[in-house]
Amino acid sequence: MKPSANIACQPKENHEYKSRHSNDFCIIQLPNDGKLIWHVISQVPQDTEISFNVKEHHTYKEDSLRFIDIKEGSVTPYFPYRNLYIADVKNATGHFVVRVEAYEE
């Protein structure tokens, strides 16, 4: 099995932090093969169109938007980001997991 980052996500925003749906995670441990592929794993049958953004948390400045409109099977460039989180979730009614891994063409 390929190295991956697995992120537990909530369908609703965290009340303390606007737009946040997960804890922080990083992707620097993934092989830098140039691209990443994103998978959305949900146990709720109707949650087939989940999409979200990925932001990078900064302590003393506004968080940075790193990936936009990610959904099942999205492929993005690889960057060695730390302190990422799932944000701005759409079309989720239950908890879900995001798995991101190096993409091989």
Side-chain angles (χ1 to χ4, degrees):
M1 189 161 187
K2 295 188 239 179
S4 63
N6 296 291
I7 307 100
C9 303
Q10 304 174 67
K12 304 287 183 206
E13 292 179 345
N14 181 319
H15 296 292
E16 295 177 30
Y17 304 99
K18 187 177 181 205
S19 81
R20 181 184 279 269
H21 295 261
S22 75
N23 291 327
D24 286 355
F25 67 96
C26 70
I27 55 177
I28 61 171
Q29 77 280 12
L30 301 179
N32 181 358
D33 292 337
K35 294 182 181 179
L36 300 170
I37 187 163
W38 299 78
H39 299 286
V40 180
I41 303 151
S42 175
Q43 298 299 315
V44 181
Q46 66 267 25
D47 287 0
T48 58
E49 300 294 325
I50 295 173
S51 65
F52 54 89
N53 295 328
V54 179
K55 293 184 178 180
E56 184 176 23
H57 173 76
H58 301 290
T59 304
Y60 298 108
K61 64 179 185 176
E62 188 173 334
D63 293 351
S64 302
L65 184 60
R66 296 300 184 195
F67 301 106
I68 299 170
D69 196 31
I70 301 297
K71 54 188 91 145
E72 170 61 34
S74 290
V75 175
T76 63
Y78 173 91
F79 294 101
Y81 292 131
R82 299 176 187 259
N83 301 322
L84 298 174
Y85 62 92
I86 304 301
D88 310 315
V89 170
K90 295 179 186 143
N91 303 318
T93 60
H95 289 75
F96 62 98
V97 173
V98 172
R99 186 177 78 234
V100 58
E101 58 192 24
Y103 177 69
E104 298 173 10
E105 294 186 74

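Scope of the values below: all heavy atoms of this structure, side chains included, with no hydrogens, waters or symmetry mates.
- With contacts defined as side-chain heavy-atom distances shorter than 4.5 Å, the pair His95/Pro11 qualifies.
- Taking each heavy atom of Glu56 and His58 in turn, the nearest pair found is O-CD2, 3.5 Å.
- Within a 6.0 Å sphere centred on CD of Glu62, other residues, nucleotides and ligands contribute 12 heavy atoms or fewer.
- Annotation: side-chain hydrogen bond (donor to acceptor under 3.5 Å, both in side chains) contacts of His39 (sequence neighbours excluded): Glu72.
- Atom CD of Gln43 has 12 or fewer heavy atoms from other residues, nucleotides or ligands within 6.0 Å.
- Remark: of the listed residues Leu84, Val89, Asp88, Val89 is the sole one forming a side chain to side chain contact (heavy atoms under 4.5 Å, CB included) with Ile86.
- Taking both residues in full, the closest heavy atoms of Arg20 and Tyr85 are given as NH2-CD2, 3.3 Å, listed atom of the first, atom of the second, then distance.
- Residues Ala102 and Pro31 approach most closely at CB-O, 3.7 Å, considering heavy atoms.
- Residues Ser42 and Ile50 are in side-chain contact: their nearest non-hydrogen atoms beyond the backbone lie under 4.5 Å apart.
- In the hydrophobic clustering (ILVMFWY side chains linked at under 4.5 Å, chained through shared members), Val97 is joined by Ile41.
- Leu65 belongs to a hydrophobic cluster whose remaining members, ordered by chain and number, are Ile68; membership requires side-chain heavy atoms of ILVMFWY residues under 4.5 Å apart, directly or through intermediates.
- The heavy-atom pair separating Val98 from Cys9 by the smallest distance is CG2-SG, 3.8 Å.
- Within the structure, the side-chain hydrogen bond (donor to acceptor under 3.5 Å, both in side chains) test picks out the following pairs touching residues 73-83 (sequence neighbours left out): Trp38-Thr76.
- As a member of the Ile/Leu/Val/Met/Phe/Trp/Tyr network built from side-chain separations under 4.5 Å, Ile37 groups with Val75, Tyr103.
- Within 6.0 Å of the CG atom in Asn6, the count of heavy atoms belonging to other residues, nucleotides or ligands exceeds 12.
- Residues meeting the side-chain hydrogen bond (donor to acceptor under 3.5 Å, both in side chains) test with Ser51, sequence neighbours left out: none.
- The salt bridge (charged side-chain N to carboxylate O under 4.0 Å, His left out) pairs that include a residue from residues 29-42 are Lys35-Glu105, where partners are two or more places apart or lie in different chains.
- Phe96 and Leu36 fall within the same hydrophobic cluster, where Ile, Leu, Val, Met, Phe, Trp and Tyr residues are linked whenever their side-chain heavy atoms come under 4.5 Å apart, directly or through other members.
- The side-chain hydrogen bond (donor to acceptor under 3.5 Å, both in side chains) search around Thr93 returns Asp47, not counting sequence neighbours.
- Contact check for Glu13 versus Ser19: side-chain heavy atoms found under the 4.5 Å cut-off.
- Remark: Lys90 pairs with no residue by the salt bridge (Lys or Arg N to Asp or Glu O under 4.0 Å) rule, at least two apart or across chains.
- Glu49 meets the side-chain hydrogen bond (donor to acceptor under 3.5 Å, both in side chains) test with no other residue; sequence neighbours excluded.
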